[in-house]
Amino acid sequence: MNEILKILLVLIGAPILGCLIAGLDRKITSRLQHRVGPPLLQPYYDVSKLLQKDNIVVNKYQNVYVVIYVIFVILSLLMLVFEADMLMIIFVYTIASVALIVGGMSTGSPYARIGSSREIMAILSYEPILVLYAVAIYMLTGTFKLSALDKTSTPLLMYIPLIFIAMLVVMNIKFKKSPFDYSTSHHAHQELVKGMFTEYSGPGMAGIEIGHFYEYVFLLSLMFVFWKVNIIMGLILAVISFLFVIIMDNITARVYWQWMVKTSWTVLLVISIVNIMYLYIFNIKIM
Amino acid sequence: MSLAKSPWIIHVNCNSCNGCDIEVVACLTPLYDAERFGVLNIGTPKQADIMVVTGSVNYKNVNVLKNIYNQIPDPKVVLAVGACASTGGIFHDCYNVIGGVDQVIPVDAYVPGCCPKPEAILDGVVAALSILENKKKGNIKGKEVPLKGNEVPSNA
């Protein structure tokens, strides 16, 4: 009974929360730029408008990939809420990202193709960090299951602070914010129109937006896990990483995608490995 | 929920002298901040609601304009910004100019001026919103414009 309640909470609560997060994002961004900005519920208005528009598709399978994306994002969020296997969560989440890439590639539009290939580079950049995050959890607890983290009162952040820093940058990549908004963004249309989502219209685009709402909650939950033992501190960590992403978005300009791959495969990967080495050499465990 | 709360515009520069374009872009700056009405300047016609056209139509760009118009999903509204887009402006009797945008595609609202102030353009966008609403209510679809029919005349 309790579990059904949890599932319902995730299915209904997460998009509402994600919508507010997206609205807050636009509101804070506009305040940082000295603008009035759209109303807080603007993402909701956008989605409800897109649902009322006609659906123009290039091929019949284009919107199937959107459905796959939404389903797998919800699935990975559910697995996180039920404290399942961390490695499995990352793999399920990757399928969601890959579905969008395949959807973009299937349209054949050159803009969508450029956006999709840039998104592949983004996956190449952040996936090792996510896997190392899971490996760190394994080294600390002896299992990939997130439920094992409940055994101690010391938060995960105390053991893996360097991976936390790497994850902050991964958040920037995954939220598709500056300086890593290569594959698609509201601002990049001079060079690649709308990136991966160029050929989506109406309900298809609304599906992607709803998937993004779930995704925002999922990504911030990944940051929440760093201080899972105390809910309030966990929420503070999630809010801090969210604000970090928005501020980085507003103070940086887009750079080459090569820069993203170089940064993540040198700086981020090295500090994550240093953190893992530290855990290995001093044989630190959560008991 | 109404369509009017989230109009996404696509800006098409049809042979414009760039005066109107600068004013359209000025609407998006922090001073005028069109985003407070939910307006986003979107790059792809497939996600747009309002087509903002600047400049007159000539034989080179007429098919581009028709193509973009056909790609916007219904309900959609066309806003002609500036004297050239409305009537052809000072270029109306040029040998290569067909005329205003309404010679080629159905236009719903005009913003006169050379060039119009950003306030006037924002006013035009807000006026277009009620037309958008009515089109949704009446289920009025924009007709697909055939690409043939505006070829260069032989006596030109």
Side-chain angles (χ1 to χ4, degrees), chain A residues 19 23 25-27 29-58 62-63 104 107 109-112 115 184-206 208-209 250, chain B residues 1-13 21 25-51 67-77 118 122 125 128-129 132-144:
Chain A
C19 178
D25 169 13
R26 283 176 73 172
K27 198 77 194 168
T29 301
S30 57
R31 292 311 298 162
L32 284 173
Q33 296 169 354
H34 276 266
R35 290 190 283 125
V36 180
L40 186 61
L41 286 178
Q42 188 60 44
Y44 165 70
Y45 300 143
D46 289 348
V47 167
S48 62
K49 177 208 70 177
L50 285 169
L51 284 172
Q52 291 179 51
K53 298 275 285 182
D54 274 10
N55 194 14
I56 298 179
V57 286
V58 183
Q62 191 184 328
N63 284 347
T107 58
S109 155
Y111 299 112
T184 171
S185 81
H186 284 301
H187 313 293
H189 64 242
Q190 305 93 336
E191 63 177 60
L192 74 163
V193 183
K194 189 82 169 113
M196 275 195 294
F197 310 139
T198 303
E199 297 296 321
Y200 288 104
S201 67
M205 193 62 201
I208 291 173
E209 292 285 329
N250 279 288
Chain B
M1 187 45 68
S2 64
L3 285 162
K5 286 197 166 169
S6 149
W8 289 359
I9 65 166
I10 177 163
H11 173 208
V12 183
N13 177 344
D21 303 314
V25 175
C27 295
L28 307 168
T29 56
L31 183 60
Y32 298 102
D33 189 24
E35 204 185 348
R36 65 202 147 105
F37 303 115
V39 173
L40 275 187
N41 187 6
I42 211 87
T44 161
K46 303 220 168 163
Q47 291 156 20
D49 307 298
I50 299 179
M51 185 181 182
N67 239 331
I68 295 174
Y69 177 80
N70 288 342
Q71 282 183 27
I72 301 177
D74 285 306
K76 58 187 164 190
V77 165
L122 274 182
V125 170
L129 295 181
L132 197 66
E133 278 289 286
N134 289 341
K135 281 198 173 178
K136 178 67 191 172
K137 259 183 221 147
N139 201 19
I140 301 166
K141 304 265 180 190
K143 272 196 201 121
E144 192 170 330

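In what follows, chains carry the letters A, B, and so on, assigned in the order in which the sequence lines appear, proteins first and then strands, with residues in each chain numbered from 1. Computed over heavy atoms, backbone and side chain alike; hydrogens, waters and symmetry mates excluded.
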Atom pair OG/CZ of A/Ser30 and B/Arg36 - distance to nearest 0.5 Å: 11.5 Å

B/Lys76 side, atom NZ; A/Asp54 side, atom CG - distance, nearest 0.5 Å: 9.0 Å

Should [X] and [Y] count as side-chain neighbours, where that means a heavy-atom distance under 4.5 Å?
| X | Y | result |
| --- | --- | --- |
| B/Thr44 | A/Tyr200 | no |
| A/Asn55 | B/Lys46 | no |
| A/Val36 | B/Phe37 | no |
| B/Ser6 | A/Gln42 | yes |
| A/Lys49 | B/Lys5 | no |
| A/Lys53 | B/Asp74 | no |

Considering residues at least two apart in sequence or located in another chain, which fulfil the side chain to side chain contact (heavy atoms under 4.5 Å, CB included) criterion with [X]?
| X | result |
| --- | --- |
| B/Ile140 | B/Lys135 |
| A/Ser109 | A/Thr107, A/Tyr111, A/Ala112, A/Thr198, A/Glu199 |
| B/Lys136 | A/Gln52, B/Leu3, B/Pro75 |

Residues of residues 27-35 of chain B near chain A, each having a heavy atom less than 4.5 Å away: B/Pro30, B/Asp33, B/Glu35

Contact winner vs chain B - A/Gly202, A/Gly204, A/Gly37, heavy-atom pairs under 4.5 Å: A/Gly37

Engaged part of A/Leu51 at the chain B interface, taking heavy atoms whose separation is under 4.5 Å: neither

Under 4.5 Å from a heavy atom of chain B, the part of A/Val58 involved: side chain

Worked verdict on A/Arg26 versus B/Leu40 for side chain to side chain contact (heavy atoms under 4.5 Å, CB included): CA-CA 12 Å; A/Arg26 283 176 73 172; B/Leu40 275 187; 3.7 Å; yes

